[in-house]
Amino acid sequence: MTEKLLLHGGAIQQAGAVRQKGEQRRTASDFMQMEQDRGISISATAMSFDFGAHKINVLDTPGHQDFSEDTYRALAAADNALMLVDAAKGLEPQTRKLFEVCRMRGLPIFSFCNKLDRPALAPLEIMDQIESEFGLETHPIVWPIGDGDRFKGLLDRMTNEVILYDKAEKRGQRATTNRISFDDKDAVKAAIGDDELFEQLVEDEEVLEGLLPPLDKDRVLAGDQSPLFFGSAIADFGVDRFLEYFVDFGSIPATRNAVFDDDLEKEDEVTAAYPEFTGFVFKMQANLDPNHRDRLAYVRVVSGKYEKGMKVKHSRSKSSKTYNLAAAQALFGQNRESIEEAYPGDVIGINNPGLFAIGDTLYTGNTKVSFPGIPAFSPEKFAYITNPNPSTYKSYSKGLSQLLDEGAIQMLRQRGDDGGGPIILAAVGQLQFEVVLARLKDEYKVEANLEPISYTIARWAEGGWDEVDKADADGKLFGTLIVQDRWERPVVLFRNDWKARDLEEEEKDLALKPYSLPPQIV
């Protein structure tokens, strides 16, 4: 889908595929070797293109549930969400989880029912699924004519035109279209060439006109009504219709809640018109350029204007400390180019000197601004990681450190370990472990081994080590594993959910939390 958006935006001349076939080109967004080998997205990427008078920034996120945390972080930087629904499968488990994040953030949600060139569920059934599962009213902007081998095209309900698609001669190029006014029923019927599909189209449109509430932009922006599109991204059917209407109904760079001068009573909104520069880090990426072992922080600009060489302050550092943003870069997947300025809604890449973390706020001016942090959530998979070859320890240690900075995984150690003891990797899903091993091998040329351990839940003890020691002395932590995170804060690992719930209820002073935020920098 992302590739076809870029194609229609003129950013690329031919759309690629994650899993390349024949002469197909690779996708711009999925550039890691493991993504290309497995045919899945494993990391969020940022890209932008111009569409008419508009600039659209795209955050392409993984669909696999093992990488949902990376998607959550990208959603923190988004102003709109495009929910892709498989026309054959309907709503999937990871879609349900991510929808809740969109709903929590109040994002406008656009829905695109994809893969209509394959046998699909009835469109009304898909609408019913979305409304019954999510309580989200959908309003079809277009309506499909058939599916699978009989997929002919779409009815654009806004212009009352039937759009018939012909596949591109070469895969990855734009499809050609034929437009006919729906008022000319004889011409439409002849062009479709299938009496049954024509009659079904006429009947469906009559039902929709009689039952659907009107399309309401205010409700769309509030996240209460979702414009619904149908098509096939791979065949380039319907993607153009989505783009045309997205720029009309989508949200411009939105306001963000923030705390000023660390005073919770001074919480207010930062709008794009706020005169000072503000932005927040929502993603880290190592080795976009493997030759330089770089570390890049993805920053979403919220207000003001970025200018090359500007000095900014950092929400977790002392207010007297400033950092020079000597060179920011516009991002396009793995590629980037230096820029002189950036504005609200833009995503820029800045070199990370090792101080920035996901969720950090960067700002200018005398008033400290802190946007809500982006938490690291409770992992569900744990394993010891070891380096079998001592001669590669330096590369192994550097690689592991940079991958940890990305937030792809978390690191835990035994209490009091100053760096020489065994390392426990913690991840949301098993595939994250496989990504770490593959990237250590591909990008840092080192091997590593994993030994799984039988814990399934982590809780951070915000009550501190004294409360952990007290609970441990009372026998309350029997059967758990007490470890520390990379900032030496106490973490308790549990083998099952009921033990964690019981301890949360019984030992309130532990203040067990299923997430963590980076600490202040002293």
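- Residue pairs satisfying the ring-ring contact (aromatic ring centres under 6.0 Å, His included) criterion with at least one member in residues 445-489, sequence neighbours excluded, are absent.
- The salt bridge (Lys or Arg N to Asp or Glu O under 4.0 Å) pairs that include a residue from residues 346-355 are Lys55-Asp346, where partners are two or more places apart or lie in different chains.
- Using bins of under 30°, 30° to 60° and over 60° for the plane-to-plane angle, the ring pair Phe280/Phe282 lands in the perpendicular bin.
- With respect to Asp86 and Lys115, a salt bridge is recorded, a charged nitrogen being found less than 4.0 Å from a carboxylate O.
- Side chains of Ile457 and Asn496 form no contact here, defined as non-hydrogen atoms less than 4.5 Å apart.
- In this structure, CZ in Arg300 is found 9.0 Å from CZ in Phe371, a value given to the nearest 0.5 Å.
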Go through it in stages, so that I can follow the logic: the residues are Arg495 and Thr456, the test is side-chain hydrogen bond (donor to acceptor under 3.5 Å, both in side chains), and I'd like the CA-CA distance, side-chain angles, deciding distance and then a yes or no.
CA-CA 5 Å; Arg495 297 186 189 277; Thr456 61; over 6 Å; no

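- Heavy-atom minimum distance, Leu355 versus Asn352: N-OD1, 3.4 Å.
- Atom CZ of Phe494 is separated from atom CG of Leu481 by 10.5 Å, given to the nearest 0.5 angstrom.
- No donor-acceptor pair closer than 3.5 Å links the side chain of Asp70 to the backbone N or O of Thr61.
- Ser226 and Thr138 share no donor-acceptor pair across their side chains, judged by distance under 3.5 Å alone.
- Partners of Asp218 according to the salt bridge (charged side-chain N to carboxylate O under 4.0 Å, His left out) rule, which considers only residues two or more places apart in sequence or in another chain, do not exist here.
- A side-chain donor-acceptor contact under 3.5 Å links Gln410 to the backbone of Phe377.
- Between Leu136 and Asp224 there is no side-chain heavy-atom pair separated by less than 4.5 Å.
- Remark: Asp466 pairs with no residue by the salt bridge (charged side-chain N to carboxylate O under 4.0 Å, His left out) rule, at least two apart or across chains.
- Taking the side chain as every heavy atom from C-beta outward, Arg316 and Pro518 approach each other to under 4.5 Å.
- A side-chain hydrogen bond (donor to acceptor under 3.5 Å, both in side chains) check over residues 373-386, counting only residues at least two apart or in different chains, returns the pairs Ser378-Arg459, Tyr384-Gln414.
- Looking only at distances, a side-chain donor or acceptor of Tyr306 sits under 3.5 Å from a matching main-chain atom of Ala328.
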Under the criterion side-chain contact (heavy atoms from CB on, under 4.5 Å), I'd like the reasoning laid out for Val369 against Asp261: C-alpha separation, chi angles, the key distance, then a yes or no.
CA-CA 6 Å; Val369 179; Asp261 292 328; over 6 Å; no

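- No salt bridge links Arg413 with Glu488; every basic N to acidic carboxylate O contact stays at or beyond 4.0 Å.
- Ser132 places a side-chain N or O within 3.5 Å of a backbone atom of Gln129 that can act as its donor or acceptor partner.
- Environment of CD in Glu337: sparse, with no more than 12 heavy atoms of neighbouring residues, nucleotides or ligands closer than 6.0 Å.
- In this pair, Phe112 and Phe242 present their aromatic rings perpendicular. The plane angle is above 60°, beyond the 30 to 60° band.
- In this structure, the separation between CG on Leu437 and CD1 on Ile385 is 5.5 Å, given to the nearest 0.5 Å.
- Once rounded to the nearest 0.5 Å, the distance linking CG of Asn114 with CG of Leu84 reads 6.0 Å.
- Listed for the Gln484 side chain is a donor-acceptor partner under 3.5 Å among the backbone atoms of Gly416.
- When the side-chain contact (heavy atoms from CB on, under 4.5 Å) test is applied to Glu467, the partners found at least two apart in sequence or on another chain are Lys470, Asp509, Leu510.
- Between the side chain of Asp474 and the backbone N or O of Lys476, no donor-acceptor pair lies under 3.5 Å.
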Check step by step if side-chain contact (heavy atoms from CB on, under 4.5 Å) holds for Lys313 and Asn366.
CA-CA 9 Å; Lys313 298 177 181 179; Asn366 295 324; 4.2 Å; yes

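- With sequence neighbours excluded, the residues that form a side-chain contact (heavy atoms from CB on, under 4.5 Å) with Glu462 are Ala511, Lys513.
- Taking the six-membered ring where tryptophan is involved, the planes of Tyr323 and His314 are perpendicular, since the angle between them exceeds 60° and thus also 30°.
- Residues meeting the side-chain contact (heavy atoms from CB on, under 4.5 Å) test with Asp405, sequence neighbours left out: Arg295, Ser401, Arg486.
- For the side chain to side chain donor-acceptor pair (under 3.5 Å) criterion with Tyr444, the lone passing option out of Arg439, Gln402, Lys394 is Gln402.
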Quick one: side chains of residues 252-260, donor-acceptor pairs under 3.5 Å with protein atoms, not counting sequence neighbours, listed by atom name and distance.
residue, atom, partner, partner atom, Å
Arg256, NH1, Ala76, O, 2.5
Arg256, NH2, Ala78, O, 3.2
Arg256, NH2, Asp79, OD1, 3.3

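- No side-chain donor-acceptor contact under 3.5 Å links Glu131 to the backbone of Asp128.
- Side-chain contact between Phe356 and Met284 is present, with heavy atoms from C-beta onward closer than 4.5 Å.
- Between the side chains of Ser303 and Thr278, at least one donor N or O lies within less than 3.5 Å of an accepting N or O.
- Between Phe277 and Tyr363, the ring centre distance reaches or exceeds 6.0 Å.
- Between the side chain of Ser315 and the backbone N or O of Thr361 there is at least one donor-acceptor pair closer than 3.5 Å.
- Summarising the geometry of Leu493 relative to Leu412, their closest heavy-atom pair is CD2-CD1, 3.9 Å, with the distance given to 0.1 Å.
- Between Arg96 and Glu100 there is no salt bridge, since no side-chain nitrogen of the basic residue lies less than 4.0 Å from a carboxylate oxygen of the acidic one.
- Here Arg118 pairs with nothing under the salt bridge (charged side-chain N to carboxylate O under 4.0 Å, His left out) rule; sequence neighbours left out.
- Not one N or O on the side chain of Asp502 forms a donor-acceptor pair closer than 3.5 Å with the backbone of Lys499.
- Atoms CG and OG1, from Leu75 and Thr71 in turn, are 7.0 Å apart once rounded to the nearest 0.5 Å.
- With respect to Asp469 and Arg415, a salt bridge is recorded, a charged nitrogen being found less than 4.0 Å from a carboxylate O.
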If you apply the rule side-chain contact (heavy atoms from CB on, under 4.5 Å), what do you find for Leu331 with Leu296, and how did you get there?
CA-CA 10 Å; Leu331 303 166; Leu296 209 65; 3.5 Å; yes

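- With contacts defined as side-chain heavy-atom distances shorter than 4.5 Å, the pair Phe134/Ile109 does not qualify.
- To the nearest 0.5 angstrom, Ile348 atom CD1 is 6.5 Å from Leu325 atom CG.
- Under the side-chain contact (heavy atoms from CB on, under 4.5 Å) criterion, Pro388 pairs with Glu447, Asn449, sequence neighbours left out.
- Side-chain atoms of Thr480 come within 3.5 Å of backbone atoms of Leu477 as a donor-acceptor pair (strictly under, hydrogens ignored).
- Applying the salt bridge (charged side-chain N to carboxylate O under 4.0 Å, His left out) criterion to Glu505, with sequence neighbours excluded, gives Lys508.
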